[in-house]
Amino acid sequence: MREGIHPPYGPVVFRDRAANHAFLTRSTMSSEKTVEWEDGNTYPVVDVEISYVSHPFYTGTARVLDTAGRVERFERRFGKRSGA
């Protein structure tokens, strides 16, 4: 890697505000805000809106669309076509 063209890569705490969960990882992101982590060290903290803890795909709380109701509504609106 060439010197001087890459951003600094170091430990950062990402905090999911929706789920009140934080995790320590490495990233090129930084922040003015800091937090004292469980190991006693202080790291920059980046607040995120959603993470694997609060995202519906990972938590299993994803909504299932009512596809049958949508098909029936479409058929009522535009009429049912006869077979081709």
Side-chain angles (χ1 to χ4, degrees):
M1 291 187 349
R2 290 187 359 204
E3 294 292 325
I5 64 168
H6 300 286
Y9 183 72
V12 177
V13 173
F14 285 93
R15 184 170 46 195
D16 183 351
R17 302 297 268 172
N20 197 21
H21 177 76
F23 54 94
L24 178 65
T25 186
R26 296 178 54 91
S27 176
T28 58
M29 293 184 73
S30 68
S31 174
E32 297 294 322
K33 296 187 284 184
T34 60
V35 66
E36 186 172 333
W37 192 243
E38 300 159 355
D39 61 3
N41 294 328
T42 303
Y43 299 106
V45 63
V46 176
D47 290 326
V48 293
E49 296 294 322
I50 195 163
S51 71
Y52 73 94
V53 176
S54 61
H55 193 279
F57 178 77
Y58 293 108
T59 60
T61 59
R63 291 185 348 205
V64 176
L65 296 176
D66 179 21
T67 56
R70 289 178 178 224
V71 170
E72 291 168 1
R73 188 174 65 193
F74 179 83
E75 288 175 352
R76 275 195 316 263
R77 238 173 139 178
F78 299 105
K80 194 172 187 179
R81 283 188 132 177
S82 59

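Every heavy atom of this structure was used, including side-chain atoms; hydrogens, water molecules and symmetry mates were not. The structure displayed is predicted, hence computed values, not measured ones.
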Would you find a donor on one side and an acceptor on the other, under 3.5 Å apart, between the side chain of Ser31 and the backbone of Pro44?
no
For Asp39, I'd like to know if atom CG has over 12 heavy atoms of other residues, nucleotides or ligands within 6.0 Å.
yes
Across all chains, not counting sequence neighbours, the side-chain contact (heavy atoms from CB on, under 4.5 Å) partners of Tyr9 are Arg26, Thr28
Of the non-hydrogen atoms in Met29 and Val12, which two are nearest, and what is the gap between them?
O-CG2, 3.2 Å
Exercise: identify the closest heavy-atom pair between Glu49 and Asp16
O-OD1, 3.5 Å
Just verifying a value: how many Å separate Ser51 OG and Phe23 CZ, rounded to the nearest 0.5 Å?
5.5 Å
Is there a path of hydrophobic side-chain contacts, each under 4.5 Å between heavy atoms of I, L, V, M, F, W or Y residues, that connects Phe14 with Tyr43?
no
